[in-house]
Peer 1: 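What follows is a structure written as structure tokens; I'll ask about it next.
In the text below, chain A, chain B and the rest are named by the order of the sequence lines, each starting its count at 1.
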Number of protein chains: 2
Amino acid sequence: MFEPVTIKDIAKALGLSTSTVSRALRDTHEISAATKKIVLAYAKEINYQPNPIALSLKERRSKSIGVVVSEVANSYFSQAINGIESIAYDRGYHVIISQTHESYDREVINVQHLASRSVDGLLVSLSSETTDISHLSSLHERGLPIVFFDRVADEIDTHKVIANNEKGAYQATEYLIKQGYQRIAHLTSSKHLSISIERLSGYEAALRDHNMEVSSSYIKHCLHGGMLPEETETAIKELMSLKEKPDAIFVAGDRLSTGCLSVFKKLSIAVPEEIAIAGFSNSDVLDLFNPSLTSVRQPAYDIGQLATEMLLQLIEAKYPVEEFEKKILATDLYVR
Amino acid sequence: MFEPVTIKDIAKALGLSTSTVSRALRDTHEISAATKKIVLAYAKEINYQPNPIALSLKERRSKSIGVVVSEVANSYFSQAINGIESIAYDRGYHVIISQTHESYDREVINVQHLASRSVDGLLVSLSSETTDISHLSSLHERGLPIVFFDRVADEIDTHKVIANNEKGAYQATEYLIKQGYQRIAHLTSSKHLSISIERLSGYEAALRDHNMEVSSSYIKHCLHGGMLPEETETAIKELMSLKEKPDAIFVAGDRLSTGCLSVFKKLSIAVPEEIAIAGFSNSDVLDLFNPSLTSVRQPAYDIGQLATEMLLQLIEAKYPVEEFEKKILATDLYVR
DNA sequence: CTGAAAGCGCTAACAT
DNA sequence: ATGTTAGCGCTTTCAG
């Protein structure tokens, strides 16, 4: 039904062979200027577009990279994607985005699909459910370039780009401490995620450095990182029903932070009078919130750009790369 | 470097022909149960994945659909995308998302790329810059199925799915009128966008039905739909420097609505005391805003689903479809 | 400088 | 039931 123009059509119309046409279009030297001109003119006239599918099949590369994130409806990821695209498009690569919705199964399916679809490389931020990463390590072992960003898998030896989650968490927690809060809880995403581990560690370090106790009853995990509102609500209710109610919470995630505010609003708990909040967020409408949210902002756009540059370096490397780096970018604390 | 397993590898390893292997994997009847079992077992063992590129080339279809939106970092679009994916994945189609960032040039490039990449169909919401739609109509004439959603092109005869923008705008404007506001301005996106036209028309109808005058000085267009904060700020400043300052604004877009609130905050203009706002928005953190925003919410997820169903119907139609529909879904007014 | 032919991975018509 | 062959669109030897 939809029949694009092929090199064959041009050849037939011009009484040439397909190879000659191909050469004219590819601009090789082994072609007469005259023929080239004719072919190019005709190609433009009929708006010839080479078929990238055929090209991919031939060259075994697609000039496209796959991106695996949990949700595009997340400021952090949409900003990172913009960073990714900015580099990729400049370098002639196309970007295929896929969402896991924090589901491990979805992640496996998406990764398989992208790989079989001949993406030349993968930019991955793990889903919160993922613990087994064999779907990625097997591809990586077989030579598919992969760069992790945000939620990384330490088991796989490749480039990684993350924000300084530990320091960001430390600063946010310290901010709450300096504001005079005494019982600071921590609400975070699933336990095994690299970002959760790093942010937890920053939180604990800040407490310890200020001679405050780390209590496990103050630390709540949400397996789906706030995707399910009930999860957040349950965690908050548990915290608020402790004998020693916390007077502040450091929240380690975008959706979780806004989710928290919603829950408090719903439960009519005054923020920051009854409980103060500081949390990670890259939302760009944060300044419209009331109560306001002191937040740690990650350089999502830069992270996306850097990860893409590193991936393209791997893809275009002449020789297998053996040395891998983990880049750590600074966060910003916005006090509100 | 990255060498996936092919049907040929299996054939060689098992001493069969490629076609036999293909038949075993395709599960045709003309194959012995024994061979089939052997092939399937071996395929599973080495984790064989068929190469969809080769398949696309052969079958001239890719089982994938392209999506063209302005920004994924926009609640409306990210929700629509989720709706799109929910249907597409169920039906075995993959979704390739591309962003125009409200740029016409980018839209042309993306559409060309998607088409040449052999997507089986296109879901399109036009960029705010787009007036010339020949990049789409030429593809459409050549038989590529296209369904428009949100920002549609009336010139192209195909399925369209939109929210009831006119009624939504009418209700929001009427709400402001009933609150007692007298001088209601209208801030909207670029003039030629279908959504702008529809929403403007609802706004004007509401004013007229309540015997209020429509004044062109009260209507401000932002060519980039609020993508550029200066645009919004300039428009607001112009409105606020009129002799007869408006006492309310009906805002016709997500980014524009939040952008408006930001500008008022920046300029220390009290909302809703000095000026009231009602606007289109699909943000899911609207309830955390202060000042709060009365908003028209579109059924973005449903729109995405419906548009996808219609597109797949076109793609899978046995005979060329001649009758096209424009589906109009109801909006919701959230008074805050 | 140009054409014929092979091959990328896969399927399907045609043989056997 | 299985193998052989051709062909999807393109590039690239290999011949001429």
Peer 1: Determine whether B:V119 and B:I65 satisfy the following criterion, side-chain contact (heavy atoms from CB on, under 4.5 Å), listing intermediate values before the conclusion.
Peer 2: CA-CA 5 Å; B:V119 293; B:I65 59 178; 5.5 Å; no
Peer 1: Give the rounded distance in Å between these two atoms: CG of A:L16 and C1' of C:dA4.
Peer 2: 14 Å
Peer 1: Given that A:E30 and A:A54 both sit by DNA chain C, which one's nearest nucleotide is further toward the 5' end?
Peer 2: A:E30
Peer 1: Return the 5'-most residue of the pair A:R26, B:E59 with respect to DNA chain D, ranking by each residue's nearest nucleotide.
Peer 2: B:E59
Peer 1: Can a side chain N or O of A:Y48 be found less than 4.0 Å away from OP1 or OP2 on D:dG9?
Peer 2: no
Peer 1: Can we say A:E316 and A:R61 salt-bridge, meaning some charged N sits less than 4.0 Å from an Asp/Glu carboxylate O?
Peer 2: no
Peer 1: Would one find a side-chain N or O of B:T18 under 4.0 angstrom from OP1 or OP2 of C:dT11?
Peer 2: no
Peer 1: Nearest whole angstrom, please: distance from the C1' of C:dC10 to the CG of B:L25.
Peer 2: 11 Å
Peer 1: Closest heavy-atom contact between B:A307 and B:L123?
Peer 2: O-CD2, 3.6 Å
Peer 1: Within less than 4.0 Å of OP1 or OP2 of C:dG7, is there a side-chain N or O belonging to B:K8?
Peer 2: no
Peer 1: Do we see a donor-acceptor contact under 3.5 Å between the side chains of B:S103 and B:D105?
Peer 2: no
Peer 1: Specify the separation, in whole Å, of atom NZ of B:K12 and atom P of D:dG3.
Peer 2: 15 Å
Peer 1: For a quick test of reading the model: is some side-chain N or O of A:T35 closer than 4.0 Å to OP1 or OP2 of C:dT2?
Peer 2: yes
Peer 1: Just checking B:F148 against B:H140, ring centres under 6.0 Å apart?
Peer 2: no
Peer 1: Give the rounded distance in Å between these two atoms: CG of B:L55 and P of D:dG7.
Peer 2: 19 Å
Peer 1: Does OP1 or OP2 of C:dC8 have a side-chain N or O of B:K58 closer than 4.0 Å?
Peer 2: no
Peer 1: Determine the contact category for B:L57: base if any of its heavy atoms lies under 4.0 Å from a base atom, sugar-phosphate if only primed atoms, P, OP1 or OP2 are that close, otherwise nothing.
Peer 2: base
Peer 1: A:I7 CD1 to D:dG7 P: how many Å, rounded?
Peer 2: 18 Å
Peer 1: Rounding to a whole Å, what distance do you find between A:I53:CD1 and C:dC10:P?
Peer 2: 14 Å
Peer 1: Tell me whether the side-chain N or O atoms of A:S32 pair up with the base of C:dT2 as donor and acceptor below 3.5 Å, since no angle test is needed here.
Peer 2: no
Peer 1: Below 4.0 angstrom, N of the basic side chain to O of the carboxylate: do A:D302 and A:K327 qualify?
Peer 2: no
Peer 1: At under 4.0 Å, does any side-chain N or O of B:T6 touch on OP1 or OP2 of C:dG9?
Peer 2: no
Peer 1: Taking CZ from A:R61 and C1' from C:dG9, how many angstroms apart are they, rounded to a whole number?
Peer 2: 18 Å
Peer 1: Can you check whether any acceptor in the base of C:dG3 is under 3.5 Å from a donor in the side chain of A:R23, or vice versa?
Peer 2: yes
Peer 1: Is the distance from OP1 or OP2 of C:dC10 to the nearest side-chain N or O of B:S22 less than 4.0 Å?
Peer 2: no
Peer 1: With a 4.0 Å cutoff (strictly under), does any side-chain N or O of A:T20 reach OP1 or OP2 of C:dT2?
Peer 2: no
Peer 1: Report yes if at least one side-chain N or O of A:R60 is closer than 4.0 Å to OP1 or OP2 of C:dG9; otherwise report no.
Peer 2: yes
Peer 1: How many Å lie between NE2 on A:H29 and P on D:dT12, as a whole number?
Peer 2: 11 Å
